[in-house]
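Reviewing the structure listed below.
Each chain gets a letter, A, B and so on, in the order its sequence line appears, and its residues count up from 1.
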Number of protein chains: 4
Amino acid sequence: MRGEDKHDRIIKAAIKVFAKNGFYNSRVSEIAKEAQVADGTVYLYFKNKDDILIRLFEEEMDKIITNMKGEMDNIPNPDEKLRRFAVVHLNMVRENKSLAEVIQVELRQSSKFMHEYKNRKFIEYLNIISTIVKEGQRTGYFRTDIMPGLFKRSFFGALDELSNMFVFSTKRKYNVEMAADQVSSFFIAGLLPDSNH
Amino acid sequence: MRGEDKHDRIIKAAIKVFAKNGFYNSRVSEIAKEAQVADGTVYLYFKNKDDILIRLFEEEMDKIITNMKGEMDNIPNPDEKLRRFAVVHLNMVRENKSLAEVIQVELRQSSKFMHEYKNRKFIEYLNIISTIVKEGQRTGYFRTDIMPGLFKRSFFGALDELSNMFVFSTKRKYNVEMAADQVSSFFIAGLLPDSNH
Amino acid sequence: MRGEDKHDRIIKAAIKVFAKNGFYNSRVSEIAKEAQVADGTVYLYFKNKDDILIRLFEEEMDKIITNMKGEMDNIPNPDEKLRRFAVVHLNMVRENKSLAEVIQVELRQSSKFMHEYKNRKFIEYLNIISTIVKEGQRTGYFRTDIMPGLFKRSFFGALDELSNMFVFSTKRKYNVEMAADQVSSFFIAGLLPDSNH
Amino acid sequence: MRGEDKHDRIIKAAIKVFAKNGFYNSRVSEIAKEAQVADGTVYLYFKNKDDILIRLFEEEMDKIITNMKGEMDNIPNPDEKLRRFAVVHLNMVRENKSLAEVIQVELRQSSKFMHEYKNRKFIEYLNIISTIVKEGQRTGYFRTDIMPGLFKRSFFGALDELSNMFVFSTKRKYNVEMAADQVSSFFIAGLLPDSNH
DNA sequence: GATGAATGAGTCTTCATTCAT
DNA sequence: GATGAATGAAGACTCATTCAT
């Protein structure tokens with residue numbers, strides 16, 4: 001830990017502290033303490049408290065997007081890709097609860113200064129979904145009357161709300177694999193051409 | 001406006017102010033000004049700033065739940081109920097953008113005092129969905145291998161994420177009716193017994 | 001209680017409330033509640049919060065002074081008068097703890113606005129003591145090199161500090177009669193011409 | 001002044017400000033200004049406004065007690081010790097009017113937080129007196145029917161009330177030496193075995 | 001680069017006082 | 001006279017940020 005880059009130490013500390021207290025109830029001094037640096041040192045690496053949240057989000061989202069795109073690469077069928085997306089997304093949330101909590105909760109809240117930042121990376125992540133749908137539509141695999149822009153939101157929203165369950169609820173009623181399977185089933189059924197609806 | 005109950009004036013003002021600035025960037029004095037009462041008057045009706053948010057949420061959710069339950073009463077088919085739920089939910093968001101923003105954004109913050117409050121009313125709202133699903137399963141209308149607890153989260157999550165689009169995005173790419181129709185189609189397809197998945 | 005004069009009800013309530021919380025930690029509304037009148041009613045009888053304390057002091061001191069002077073009237077010897085003063089003072093404190101606490105504690109504290117008010121009545125009370133001393137000196141009973149102005153302060157101070165013991169300490173180590181006897185003995189010994197010092 | 005420890009600067013400033021306005025009419029910001037530090041700096045050294053008063057009292061009383069004990073050390077006779085106690089006490093008051101006023105006036109207020117603090121140090125100071133009396137009684141110098149616990153209160157009370165005169169009254173009718181001499185004479189006369197009473 | 005003591009702007013909340021009824 | 005809802009001025013305290021070392 002000590003030898004690590006101070007920038008990374010602070011980001012890691014911020015994830016922990018923000019997840020525990022929320023952005024507005026977190027103190028820069030607590031992050032500094034958690035990162036084992038002086039209060040002033042935080043300001044050598046970050047412009048201000050907001051900047052910690054923004055850069056935290058951007059850097060972590062980059063990793064997440066890169067990882068998710070890599071996962072998609074080796075899967076041929078678009079329906080399998082969607083199933084895989086769901087599994088990977090929910091597992092990621094389960095394995096990085098603090099980060100997930102910060103991204104889900106804090107970033108929604110800090111609407112004012114977040115709007116622009118949130119969108120760029122967030123939409124890039126969402127577009128992984130719409131790209132799969134468009135690909136499926138192009139190859140005749142999926143119905144073409146489904147609007148990819150609505151689909152990506154709905155699909156992500158469903159996963160995101162399930163994430164909440166995994167992040168906040170203490171009881172473990174559903175396992176991740178099963179949840180991912182059910183939710184992608186709903187959506188794939190809606191995408192396939194011969195489903196009756 | 002003047003003749004209105006001060007309690008209601010303050011709640012209305014808080015919705016407006018919280019939606020504009022977020023809870024933590026809102027000043028009690030600004031709420032008071034917007035409600036045309038003195039700062040101290042706020043504290044005759046609410047215990048403190050947190051209490052404004054809590055009571056705002058509880059009271060508005062009560063209205064929303066009552067309204068939604070009323071809407072469901074006259075619809076016989078469970079699939080029609082789900083479609084209607086989607087339409088009513090998205091219309092409500094569109095027509096009460098500020099309230100929607102406060103509920104969506106501020107109430108995600110995980111501060112201690114919110115958790116319990118959020119849950120009670122929020123889960124009551126979610127359970128309107130699972131009740132529909134269970135009813136459909138009981139009457140043989142819906143597949144019985146779908147877990148209502150997962151379904152309600154997924155369905156709500158999809159609607160909630162679409163709401164974000166309507167609340168935050170300025171451009172109006174999709175209309176509410178169409179969005180409600182598409183998203184409920186996905187889920188209904190997943191619920192019907194003879195869909196291939 | 002109800003039929004009583006509201007002025008008196010408020011004074012009585014103030015004694016109770018000030019004794020419990022201190023002047024600055026007492027609320028006018030609490031006094032009003034204790035007196036079973038509306039908040040605004042207090043201001044029909046008193047100019048403001050300070051005025052309650054001032055008038056409380058003046059009126060109660062008047063009673064105390066009248067009572068003490070009456071007690072002195074029938075006692076021929078100055079040394080007996082001093083002994084009696086001590087007994088009556090300490091008994092009064094014991095029987096009116098709340099009032100004693102307010103006069104001792106709060107009136108010392110509120111120096112700023114109290115100074116002038118305090119003095120008039122307080123000095124009148126002190127002068128009962130110096131009058132006794134002067135009388136004793138005039139009749140050759142007491143030494144004439146004792147300064148009555150110093151004596152009254154010392155004698156009162158000793159009684160006052162003993163009062164603290166009775167007001168604040170819960171344990172009852174000394175009884176009032178004995179304490180009054182000892183303290184007046186000290187001072188009378190000092191006053192008598194043939195004490196060796 | 002500037003080079004001094006900030007803690008000490010704040011204590012000194014608080015003595016001045018509290019003496020001038022009383023505790024409840026003093027502003028933390030005024031203390032800060034007087035101490036030439038920022039408002040927030042006060043809170044680096046003291047928990048809150050109450051804490052300033054408590055620590056002020058404890059630290060100054062420590063000095064006073066140490067000083068008084070030192071004064072007593074070189075005096076052989078108990079009656080001389082009492083005389084010296086009176087002189088030193090009254091001189092201390094005269095030379096540190098502000099501190100004396102704060103200790104006398106503010107610490108009488110019976111607020112909850114004060115009680116325990118007041119007692120510990122205050123009783124230690126009082127016990128210097130009773131220790132002298134007990135010593136005099138043990139060596140046969142003083143009468144043994146005098147209760148040291150009552151004596152210390154009476155003696156201190158007399159001095160304390162005289163202090164008030166010196167602190168509050170502007171006119172200088174009596175000088176300190178004479179006052180100390182008279183008041184200790186009263187009490188010593190009461191203590192000596194062959195005084196007639 | 002690193003530190004952490006110092007800063008002071010900013011806000012929630014209280015409560016004495018008023019005044020329309 | 002009596003009420004008590006409403007007022008709004010005032011202040012303790014916090015904490016993001018700076019800067020001398």
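Taking 4.0 Å as the cut-off between side-chain N and carboxylate O, Arg9(A) and Glu34(A) do not count as a salt-bridged pair.
The distance from atom CG of Leu44(D) to atom P of dC13(F) is 14 Å, rounded to the nearest whole Å. Atom C1' of nucleotide dC13(F) and atom CD1 of Ile52(D) are separated by 11 Å, given to the nearest angstrom. Put simply, CZ on Phe46(B) is 15 Å from P on dT14(E), counting in whole angstrom units. Atom NE2 in His7(C) sits about 17 Å away from atom C1' in dA2(F), given to the nearest Å. Whole-Å rounding puts the Asn21(A) CG to dC15(F) P distance at 11 Å. Counting to the nearest Å, the P atom of dC12(E) and the CG atom of Asp51(B) are 15 Å from each other. Here the P atom of nucleotide dA9(E) and the NZ atom of Lys33(D) are 13 Å apart, to the nearest Å. Protein atom CD of Glu30(A) is 14 Å distant from nucleotide atom C1' of dA16(F), rounded to whole Å.
The phosphate of dG1(E) has neither OP1 nor OP2 within less than 4.0 Å of any side-chain N or O from Lys6(A). Close to dC15(E), at under 4.0 Å from its OP1 or OP2, lies no side-chain N or O of Tyr24(C). OP1 or OP2 of dA16(E) sits under 4.0 Å from a side-chain N or O of Arg27(C). Look at Thr41(D) and you'll find a side-chain N or O under 4.0 angstrom from OP1 or OP2 of dT7(E).
A donor-acceptor pair under 3.5 Å is formed between the side chain of Arg55(A) and the backbone N or O of Tyr45(A). No donor-acceptor distance shorter than 3.5 angstrom exists from the side chain of Thr41(C) to the backbone of Val37(C), with no hydrogens or angles considered. Listed for the Lys49(D) side chain is no donor-acceptor partner under 3.5 Å among the backbone atoms of Arg27(D). The backbone N or O of Leu99(A) lies less than 3.5 Å from no partner atom in the side chain of Asn96(A), so there is not a single donor-acceptor pair. Lys16(D) places no side-chain N or O within donor-acceptor distance of the main-chain N or O of Ile11(D), the cut-off being under 3.5 Å.
Evaluation of the side-chain contact (heavy atoms from CB on, under 4.5 Å) rule for Asp62(D) yields Lys121(D) as partners, not counting sequence neighbours.
If you check the side chains of Asn21(D) and Glu30(D), you find a donor sitting under 3.5 Å from an acceptor.
Distance from the side chain of Ala38(B) is smallest to dG8(F) among dG1(E), dT7(E), dG8(F).
Using the six-membered ring where Trp is involved, His7(D) and Phe46(D) have ring planes that are parallel, under 30° apart on the 30 and 60° scheme.
Stems are defined here as 3 or more consecutive Watson-Crick or G-U wobble pairs with pairing distances under 3.5 Å; those involving DNA chain F are E:2-21 with F:2-21.
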Protein-nucleic acid N or O pairs under 3.5 Å, nucleotides 17-21 of chain E:
unit_1: dT17(E); atom_1: OP2; unit_2: Tyr43(C); atom_2: OH; d: 2.9
unit_1: dT17(E); atom_1: OP2; unit_2: Lys49(C); atom_2: N; d: 3.0

